[in-house]
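Ligands are counted one by one from 1 in listed order, and the atoms in each one are counted from 1 as well.
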Amino acid sequence: MNAYEQAKARYEALGVNVDAALAALANKAISIHCWQGDDVGGFENIGQALSGGIQATGNYPGKARTPQELMADFEKAISLIPGKKRINLHASYAVTGGEKVDRDRLEGRHFDAWIEFAKKNDLGIDFNPTFFSHPLAADGLTLSHPNEEIRMFWVRHGIQSRRIAAYIAEKLGQPVLNNVWIPDGYKDVPADRLGPRLRLMDSLDRIFAEKLDGVIDCVESKVFGIGLEAYTVGSGEFYMAYAARHPGVYNLLDNGHYHPTEMVSDKMSSLLAFFDKLPLHVTRPVRWDSDHVVRLDDELQEIAREIVRNDAMDKVLIGLDYFDASINRVAAWVIGTRNMQKALLQALLMPHARLKRLQEEGCFTELLMQQEEMKSYPFGEIWAHYCQTQGVPADESWFAQVMQYEKDVLSKRA
Ligand code: RNT
Ligand code: ZN
């Protein structure tokens with residue numbers, strides 16, 4: 001028996017079907033965010049720094065400056081990642097061929113280059129309207145803006161974005177997740193909390209009014225942004241209630257968007273009890289919503305276990321959302337995505353039925369023992385075997401390829 005067969009036998013002795021686990025992993029798409037490649041810059045060239053209370057810190061050389069560069073970097077990354085992949089786009093990444101098209105005038109055809117790219121690389125696509133880094137979002141307000149003209153500009157952007165998502169879905173022949181996140185909030189204690197929320201509700205109603213095929217709609221809450229610390233219009237309660245009252249609109253959970261001891265892994269089952277889909281942004285908050293590269297840490301593993309043991313591989317739509325500008329950006333994609341997949345594989349290799357039975361029978365000592373013993377099972381051998389069957393490097397040997405790419409390509413971008 002080789003190392004893989006020995007490892008497999010250990011899991012099978014627990015009653016785990018390893019072949020089924022590997023098939024399930026290979027079939028689960030991870031939506032990889034395009035914005036790690038250029039520090040959430042986009043291609044509009046409208047002289048706007050990243051705004052909206054989010055920040056990419058660091059100055060590592062070689063960030064992508066054009067669609068061609070971003071596509072090349074993304075292709076390098078996905079060549080080192082096993083399994084099914086999607087690319088998550090923002091409206092600010094439209095490829096307009098030099099034409100200046102404002103956000104409320106964007107159309108599906110401005111994403112044709114991405115559709116071709118997706119087809120060539122066998123990727124699905126997800127989409128996000130971009131409610132930040134724009135002169136009309138300079139004060140941190142968009143869909144809740146008290147100025148009706150500005151608010152309606154952003155409503156039109158929301159409407160166009162859903163149409164773009166529908167256009168992409170039609171061209172690819174598969175659904176597109178369209179995620180609405182807005183930065184709206186106030187730096188200091190507001191005098192009116194309800195007014196902005198009622199305006200946001202009205203804006204969302206207008207955006208979601210049109211029935212469109214192929215679009216999965218969702219809304220993403222958060223607690224605060226930089227410069228918007230005291231109040232966030234689109235809070236957790238607001239969007240959860242909105243989604244509950246609007247069938248077809250789902251509540252996306254970003255695990256950087258809660259207070260530090262609140263865990264998304266603990267929230268998922270509550271939403272799975274009520275919704276048939278649960279979109280996620282998987283990130284790593286360090287002291288704040290810092291969007292560090294996803295590590296294989298306890299919370300990532302617990303999120304993956306919630307997906308697997310609740311039979312929710314088809315319901316939970318996994319998207320990554322981090323942007324570290326202080327390290328090689330291609331490596332950042334590879335590390336974070338492989339970690340998400342490793343977490344899923346570990347979860348798939350657990351005897352969940354047996355562990356649930358221990359809980360139901362009140363055998364908490366044995367449950368604790370088994371959960372802890374599982375941590376030293378030979379997971380790495382199964383992962384390596386999976387990578388080999390998928391034709392990607394099984395271990396850190398992928399890193400040499402990224403360093404070669406840095407030398408040949410990234411370092412030449414002055
Ligand atoms: C911001 C949200 C949002 C963004 C992306 C770029 O706090 O997490 O999802 O990170 O849309
Ligand atoms: Zn997010």
Side-chain angles (χ1 to χ4, degrees), residues 30-44 48-57 63-64 70 86-94 103 125-134 137 140-143 154 157-158 161 164-165 176-185 217-229 231-236 238-239 250-260 262 264 267-268 278-294 299-300 303 316-325 329 332-333 336 340:
I30 309 294
S31 189
I32 307 174
H33 52 313
C34 75
W35 53 90
Q36 165 60 56
D38 73 337
D39 315 338
V40 210
F43 306 135
E44 291 169 308
Q48 297 293 306
L50 180 57
S51 78
I54 54 178
Q55 252 164 39
T57 58
K63 84 167 168 190
L70 188 60
R86 305 173 64 79
I87 182 164
N88 201 0
L89 298 174
H90 246 283
S92 53
Y93 290 79
R103 303 259 176 95
I125 294 182
D126 294 308
F127 197 73
N128 305 259
T130 309
F131 294 99
F132 52 84
S133 304
H134 186 281
L141 297 170
T142 61
L143 294 179
W154 290 114
H157 177 53
S161 291
I164 293 164
V176 171
L177 182 72
N178 184 69
N179 173 43
V180 171
W181 170 72
I182 61 167
D184 297 37
D217 287 299
C218 67
V219 285
E220 176 184 7
S221 71
K222 70 189 286 186
V223 175
F224 81 98
I226 298 290
L228 306 163
E229 289 87 356
Y231 167 74
T232 294
V233 184
S235 61
F238 178 89
Y239 282 132
Y250 296 93
N251 187 40
L252 179 147
L253 300 177
D254 179 315
N255 67 310
H257 289 188
Y258 297 87
H259 291 285
E262 267 185 275
V264 157
K267 300 177 188 296
M268 294 170 63
L278 173 54
L280 294 184
H281 271 184
V282 179
T283 187
R284 180 163 56 98
V286 178
R287 307 192 193 284
W288 70 290
D289 182 26
S290 61
D291 292 295
H292 279 64
V293 177
V294 166
E299 175 61 357
L300 187 73
I303 287 172
V316 177
L317 309 176
I318 304 175
L320 304 177
D321 182 15
Y322 54 81
F323 27 98
D324 191 335
R329 295 170 184 81
W333 267 322
M340 183 73 244

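Every N/O-N/O distance between Asp291 and ligand 1 stays at or above 3.5 Å. The shortest N/O to N/O separation between Trp181 and ligand 1 does not fall below 3.5 Å.
Taking CE from Met340 and CD1 from Ile32, the interatomic distance works out to 12.0 Å, rounded to the nearest 0.5 Å. Atoms CD1 and OG, from Ile54 and Ser290 in turn, are 12.5 Å apart once rounded to the nearest 0.5 Å.
The protein non-hydrogen atom at the shortest distance from atom 4 (C) of ligand 1 is Asp321 OD2, 3.6 Å.
Per-residue contacts place Asp289 under 4.0 angstrom from the following atoms of ligand 1 (heavy atoms of the residue considered): 7 (O). Counting atoms of ligand 1 from 1 in the listed order, those under 4.0 Å from a heavy atom of His257 are 1 (C), 2 (C), 7 (O), 8 (O). The contact set between ligand 1 and Ile54, taken as ligand atoms under 4.0 Å from a residue heavy atom, comprises 1 (C), 7 (O).
Side-chain N/O atoms of Asn128 and Asn88 include a donor and acceptor closer than 3.5 Å. Judged by distance alone, the side chains of Asp321 and Thr283 never bring a donor and an acceptor atom under 3.5 Å apart.
Shown here are the ring pair (Phe, Tyr, Trp, His ring centres under 6.0 Å) partners of Phe132, two or more places apart in sequence or in another chain: His90, Trp181.
We find that Asp38 and Arg329 are not joined by a salt bridge, their nearest charged nitrogen and carboxylate oxygen being 4.0 Å or further apart.
Closest to atom 2 (C) of ligand 1 by heavy atom, among Glu220, Lys222, His90, His281, is Glu220.
At a threshold of 4.5 Å between non-hydrogen side-chain atoms, the residues Ile226 and Trp288 count as touching.
Panel note: side chain Asp126, backbone Leu177; a donor-acceptor pair is recorded below 3.5 Å.
Each protein N, O or S atom less than 2.8 Å from the Zn ion (ligand 2) was counted, giving 4.
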